[in-house]
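Encoded as structure tokens, the structure appears first; notes follow it.
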2 protein chains.
Amino acid sequence: MIAPGTYDALRNELATRHDELSKRLKQIAEYALENPNDMALETVSAIAARAKVQPSSLIRFAKAFGYTGFSEMQKVFRSHLVENGSNYKERIRSLSRDNARQSNSSSVVLDDFIDGGIAALNNLRHVVSPEKLEQAVETLANADVIYLTAQKRAFPIASYLAYALAQLDKRCVLIDGNGGMFFEQARSIRKGDVLLAISFKSYASEVVQLVKETKNKDIPIVSISDGVLSPLAQHSDVCLEVEEVEVHAFRSLAASMTLALTLVVALGRALDQES
Amino acid sequence: MIAPGTYDALRNELATRHDELSKRLKQIAEYALENPNDMALETVSAIAARAKVQPSSLIRFAKAFGYTGFSEMQKVFRSHLVENGSNYKERIRSLSRDNARQSNSSSVVLDDFIDGGIAALNNLRHVVSPEKLEQAVETLANADVIYLTAQKRAFPIASYLAYALAQLDKRCVLIDGNGGMFFEQARSIRKGDVLLAISFKSYASEVVQLVKETKNKDIPIVSISDGVLSPLAQHSDVCLEVEEVEVHAFRSLAASMTLALTLVVALGRALDQES
DNA sequence: CCTTTTATAGAATTTATATTCCATTTGCGT
DNA sequence: ACGCAAATGGAATATAAATTCTATAAAAGG
């Protein structure tokens, strides 16, 4: 007897062997299928109480399916919970393990980044709250001029936003620090405008400083950054969070780019509706 | 002191009080925000090991935020895990409903772009030939200076490449046309250098022209473009093809960015092996 | 209807996990 | 440089949880 290692395999096993199970084990199987979250998170005695069985029955149940004990079976339920939810890090972790095995061909590197990018995109679904996104779009839609700023790794995103916003005939200014005029370029921001700042750790000091200063002028700030600890998050009216995956010691921009593009298209729709 | 009862409240508390926290507590806060799943599922000692702290620090951490112990705080992380999973399922359901009737909510747009990005990335795996990739890497590795050029939609990629190559201490020049000096910037290309050009349809004329001119000077050219019909493909020594998916009349850059990043990392490895 | 086998309940035990406590270190103000 | 307060590490302890064991109860077979 071999114990199912995945949630789906276990589910399947529970279903097919359901008939041959004893009364109490049937009862537990039904409970397990209906309450997988309990199986994943509660203690043996808590589950036993809820399913109206003895704790020992749960252990017998687990052993009947080939596990050494209940805890081992619980791991299967737990990993399911994680896969379903926001966790894509496990996949990445296994990815980096694989990386350890001397992957020196370029196409292996490409595969790793593709996997990482897909994981980051999937994750984006979970971490971006629809409300924040809506709020960001609305703020930008009401802007007279959108000022864009980013430096270093985040700069390509601002640069892309400048291009895409121009396609929408939305007025925007890219504060790129060209000619050492970072703050000078920002000086023309005024009431009615909005600052869209993008920065990831380690946060470029100019961008952080500009955000603070602009906040003091009562200009609305929308930001794209990486987590609540970001200094941008603290000073922004809306902060959209992205978490890029690190593969081979480099972070991609796939997810951030996708979010930026979404912002543009959603903004375009909002503007269309107005007119 | 009142302990946050929800994940969002806790996150918020972690962010706002992050500054006033002691060294070890900061460390734990950061780990918790980056690995909420671990916080939800692992044991105190397992988390302690991963976050490189003592188990007792985790208990102090929980108490610092008003909980009676770590277990109480863990409940918050656990309930988030459950809610997150079910929310996601509901969202998928409501999304497919909305999609049928052309919903215009921003998060639907986001989902479309995420799906599009994933499709483009998967496609990338098939269309990029390992040989070409290897050849591109080799050509770039042998370059004295890498000249980068792109305009319009492709420009962010060149801009990102410039940033990433600098990280590798690989000499590069970004021909961005700033100050109307597009061709002037390119004038200093000489034997031993390589031109890396990126352009998608409709191909920016400057870039195409520059590629042609540079080809005549017998400078190797590596390009990233979209299909064999690209004028870049014809004049390049190696042309890496990417096909971005068009969603809502806009093309993402997720796949192209991923390819660009791959090129950088593979190049980095090639350079390491040389030395 | 009795015997044998299998399943079950519940207490007892073992194992693992969280928490506390205190000696030591670190940081800070004087 | 000194003393004080806060923070930390790590062993010791307490708590909780999983698992085993056994007497009892239910089925199954003759």
Side-chain angles (χ1 to χ4, degrees), chain A residues 1 3-5 10 13-14 17-32 35-79 81-82, chain B residues 1 3-5 10 13-14 17-32 35-79 81-82:
Chain A
M1 166 147 315
L10 176 53
E13 200 69 3
L14 286 180
R17 289 184 49 195
H18 185 259
D19 294 337
E20 71 194 55
L21 258 41
S22 77
K23 192 174 153 194
R24 212 40 47 97
L25 262 39
K26 263 200 187 86
Q27 193 180 337
I28 294 172
E30 281 156 23
Y31 185 87
N35 306 76
N37 290 339
D38 280 6
M39 295 297 283
L41 295 178
E42 299 298 312
T43 67
V44 169
S45 50
I47 299 169
R50 293 193 191 178
K52 311 277 177 56
V53 297
Q54 287 295 322
S56 51
S57 302
L58 282 173
I59 279 93
R60 276 187 294 119
F61 177 75
K63 292 194 169 175
F65 285 90
Y67 300 96
T68 63
F70 178 80
S71 305
E72 198 179 290
M73 170 182 257
Q74 195 173 41
K75 280 182 191 161
V76 175
F77 283 96
R78 288 193 172 185
S79 64
L81 199 58
V82 163
Chain B
M1 167 148 314
L10 176 53
E13 199 70 3
L14 288 179
R17 288 186 48 194
H18 184 257
D19 294 335
E20 71 193 53
L21 256 43
S22 76
K23 192 173 152 192
R24 213 38 47 96
L25 263 38
K26 263 202 187 82
Q27 192 180 338
I28 295 172
E30 280 156 26
Y31 185 87
N35 308 74
N37 297 316
D38 280 5
M39 295 297 282
L41 294 178
E42 299 298 312
T43 66
V44 168
S45 49
I47 299 168
R50 294 192 189 177
K52 312 274 176 61
V53 297
Q54 289 294 324
S56 50
S57 302
L58 282 173
I59 280 92
R60 277 188 291 121
F61 178 73
K63 292 195 169 176
F65 285 89
Y67 300 96
T68 61
F70 179 81
S71 305
E72 197 178 292
M73 171 181 257
Q74 195 173 43
K75 281 181 191 161
V76 175
F77 283 96
R78 289 193 170 183
S79 62
L81 199 59
V82 171

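Just so it is clear: chains get the letters A, B, ... in the order the sequence lines come, proteins before strands, and each one is counted from 1. Computed from a prediction, not measured in an experiment: that's the story for all the values here. Just the heavy atoms: all of them, side chains too, but no hydrogens, waters or symmetry mates, feed the values below.
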Can you pull every protein N or O that's under 3.5 Å from an N or O on nucleotides 25-29 of chain D?
none

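- Put simply, the side chain of A:R50 never gets that close to the backbone of A:S45: no donor and acceptor are under 3.5 Å apart.
- Separating the CD1 atom of B:I47 from the C1' atom of C:dT17 is a distance of 12 Å, rounded to the nearest angstrom.
- The ring pair (Phe, Tyr, Trp, His ring centres under 6.0 Å) search around A:Y31 returns none, not counting sequence neighbours.
- The backbone N or O of B:T43 sits nowhere less than 3.5 Å from a side-chain atom of B:Q74 that would complete a donor-acceptor pair.
- Taking atom CG of B:L25 as the reference point, atom C1' of D:dA6 lies 12 Å away to the nearest angstrom.
- Taking only side-chain nitrogens and oxygens, A:Q54 never comes nearer than 4.0 Å to OP1 or OP2 of C:dT8.
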Which protein N or O atoms sit under 3.5 Å from an N or O of nucleotides 19-22 of chain D?
| residue | atom | partner | partner atom | Å |
| --- | --- | --- | --- | --- |
| D:dT19 | OP1 | A:S71 | OG | 3.4 |
| D:dT19 | OP2 | A:F70 | N | 2.7 |
| D:dT19 | OP2 | A:S71 | N | 3.4 |
| D:dT20 | OP2 | A:K63 | NZ | 2.3 |

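- As a whole-Å value, the separation of A:M73 CE from D:dA18 C1' is 15 Å.
- Taking atom CD on A:E20 and atom P on C:dA7, their separation rounds to 11 Å, with Å as the unit.
- For A:F70, the ring pair (Phe, Tyr, Trp, His ring centres under 6.0 Å) criterion is met by no residue, not counting sequence neighbours.
- With hydrogens and angles ignored, the 3.5 Å screen pairs no side-chain donor or acceptor of B:E13 with any backbone N or O of B:P4.
- Each side-chain hydrogen bond (donor to acceptor under 3.5 Å, both in side chains) pair with one or both residues in residues 61-70 of chain B, not counting sequence neighbours, appears once here: B:T68-B:E72.
- Atoms NZ (A:K75) and C1' (D:dA18) sit 13 Å apart, rounded to a whole Å.
- For B:S57, the side-chain contact (heavy atoms from CB on, under 4.5 Å) partners are B:R24, B:I28, B:V53, B:Q54, B:R60, not counting sequence neighbours.
- Distance, A:L58 CG to D:dA17 C1': 13 Å, rounded to whole Å.
- The two residues B:G5 and B:V76 make their nearest non-hydrogen contact at O-CG2, 4.0 Å.
- Residue A:S22 places at least one side-chain N or O under 4.0 Å from the OP1 or OP2 atom of C:dT8.
- If you take CG of A:L21 and P of C:dT6, they are 16 Å apart, rounded to a whole angstrom.
- Taking atom CZ on B:R78 and atom C1' on C:dA18, their separation rounds to 12 Å, with Å as the unit.
- Within the 3.5 Å criterion, the main-chain N or O of A:N37 finds no donor-acceptor partner in the side chain of A:E42.
- OP1 and OP2 of D:dA7 both lie 4.0 Å or more from every side-chain N or O belonging to B:R60.
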